[in-house]
Amino acid sequence: KDTDYLYLSTRLKVLERTMLSKEKLSRMASSRTDDEACKVLSENGWLEVSPGSSDSLEASINARRQEMLELLYRYAPDRRIIDIFRLKYDFHNIKAFVKAQAVGESPDELLSDSGTIPGAKMATALREKLEEEIPENMYGPAMEAMDLLARTRDPQLSDVLLDRAMMASMLEPVTYTHLLAHETLRDLVCRLPLEKKKPLYHLAFSFLIISLQIHLSSTLIYMLSPCP
């Protein structure tokens, strides 16, 4: 029911006031040093970021993202709709593992814990071929990507294969209570703009806006940071 998301929708509306405004993003973009840009993030509740430290920035980004996910999980009646937005991090980890394996390196520094499966668990399952540890819609494409990269030595081809698998996972018919019979995520995306006044639309829209702000903020800091 639409009312299931009423409290979360209202809560997100309140939290939007603490998000980075256009003015604050402009301040970050026009900052002369990464220290000035990091100060804007700190003023908006982000963890303290050490200027010039990519590790510190990654920690702050991950903490902010995890805080957002915990909030959504706490109040969303059906957490599976939130998981849809986390699939890209699962497939990011698969890509990192596949490429690292191809060159004999460890993918640990590239793994993210923002997916539905912790990065280390994903890597272990793929490395030891523990098919039962991860969903088939991830394990199967991962094995195919590893084989494709080994045969062609073209990482773009393996990326395309995994991107298609990710989109297929997102578009599979699901049984969420807010989906109509035989409706897929693609149908839902098409239907939401026609229901802008409904809380679920606001939930999805707010999630995307917060995610984009996290990405944009981190990009600005990286651009301002001196090259090693």
Side-chain angles (χ1 to χ4, degrees), residues 28 33-35 37-38 40-42 45-70 73 82-131 133-135 137-167 169 210-228:
M28 291 183 66
T33 64
D34 57 341
D35 190 17
C38 290
V40 178
L41 294 180
S42 298
W46 289 58
L47 290 181
E48 197 70 30
V49 178
S50 301
S53 171
S54 59
D55 289 341
S56 176
L57 176 58
E58 287 293 342
S60 184
I61 293 171
N62 290 334
R64 189 71 168 189
R65 185 183 294 120
Q66 192 60 34
E67 179 185 341
M68 174 184 64
L69 289 170
E70 288 176 0
Y73 279 140
I82 310 302
D83 287 342
I84 290 175
F85 293 93
R86 304 183 70 180
L87 284 174
K88 66 177 182 179
Y89 299 108
D90 289 321
F91 280 87
H92 159 81
N93 289 337
I94 294 174
K95 289 179 181 180
F97 177 83
V98 168
K99 293 174 184 176
Q101 282 289 104
V103 296
E105 299 289 342
S106 170
D108 292 351
E109 293 185 0
L110 301 175
L111 299 177
S112 170
D113 285 329
S114 296
T116 60
I117 300 172
K121 180 179 179 180
M122 176 75 79
T124 299
L126 295 178
R127 184 182 301 110
E128 299 180 11
K129 293 183 168 51
L130 304 176
E131 186 175 356
E133 291 293 318
I134 57 177
N137 62 347
M138 297 181 192
Y139 184 83
M143 294 298 107
E144 291 181 35
M146 291 174 64
D147 177 66
L148 181 62
L149 184 56
R151 288 187 289 104
T152 65
R153 311 303 299 176
D154 188 342
Q156 287 188 336
L157 291 178
S158 62
D159 278 355
V160 169
L161 186 153
L162 290 170
D163 285 340
R164 293 169 74 178
M166 179 183 70
M167 294 304 299
S169 298
I210 295 172
S211 298
L212 286 172
Q213 284 216 338
I214 290 176
H215 176 73
L216 179 57
S217 300
S218 59
T219 301
L220 286 172
I221 294 293
Y222 278 125
M223 290 174 64
L224 292 166
S225 299
C227 297

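- A heavy-atom distance below 4.5 Å is not found between the side chains of Asp90 and Met166.
- The shortest heavy-atom contact between Leu110 and His92 is O-NE2, 2.7 Å.
- The shortest heavy-atom contact between Ile117 and Ile134 is CD1-CG2, 3.6 Å.
- Proximity of Tyr139 to Glu133: side-chain heavy atoms (C-beta onward) are nowhere separated by under 4.5 Å.
- Across all non-hydrogen atoms, the minimal contact from Ser114 to Leu69 is O-CD1, 4.2 Å.
- Sorted by first and then second residue, the salt bridge (Lys or Arg N to Asp or Glu O under 4.0 Å) pairs with a member in residues 97-117 read Lys99-Asp159; sequence neighbours excluded.
- Summarising the geometry of Pro107 relative to Ala100, their closest heavy-atom pair is CB-CB, 3.6 Å, with the distance given to 0.1 Å.
- In terms of heavy-atom proximity, Ala102 sits nearest to Leu149 at CB-CD2, 3.5 Å.
- Salt bridge annotation for Asp147-Arg151: present, with a cationic side-chain nitrogen under 4.0 angstrom from a carboxylate oxygen.
- Leu157 pairs by the side-chain contact (heavy atoms from CB on, under 4.5 Å) definition with Leu148, Thr152, Asp154, not counting sequence neighbours.
- Pro141 and Asn137 get closest at one heavy-atom pair: CG-O, 3.3 Å.
- For the atom pair Gln156 CD and Asp163 CG, the distance stands at 11.0 Å (nearest 0.5 Å).
- Thr116 and Asp83 are not linked by any side-chain donor-acceptor pair at a separation below 3.5 angstrom, with hydrogens and angles left out of the test.
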Identify every side-chain donor-acceptor pair in residues 118-127 under 3.5 Å, counting partners at least two apart or on other chains, and give the distances.
residue	atom	partner	partner atom	Å
Thr124	OG1	Ala120	O	2.9

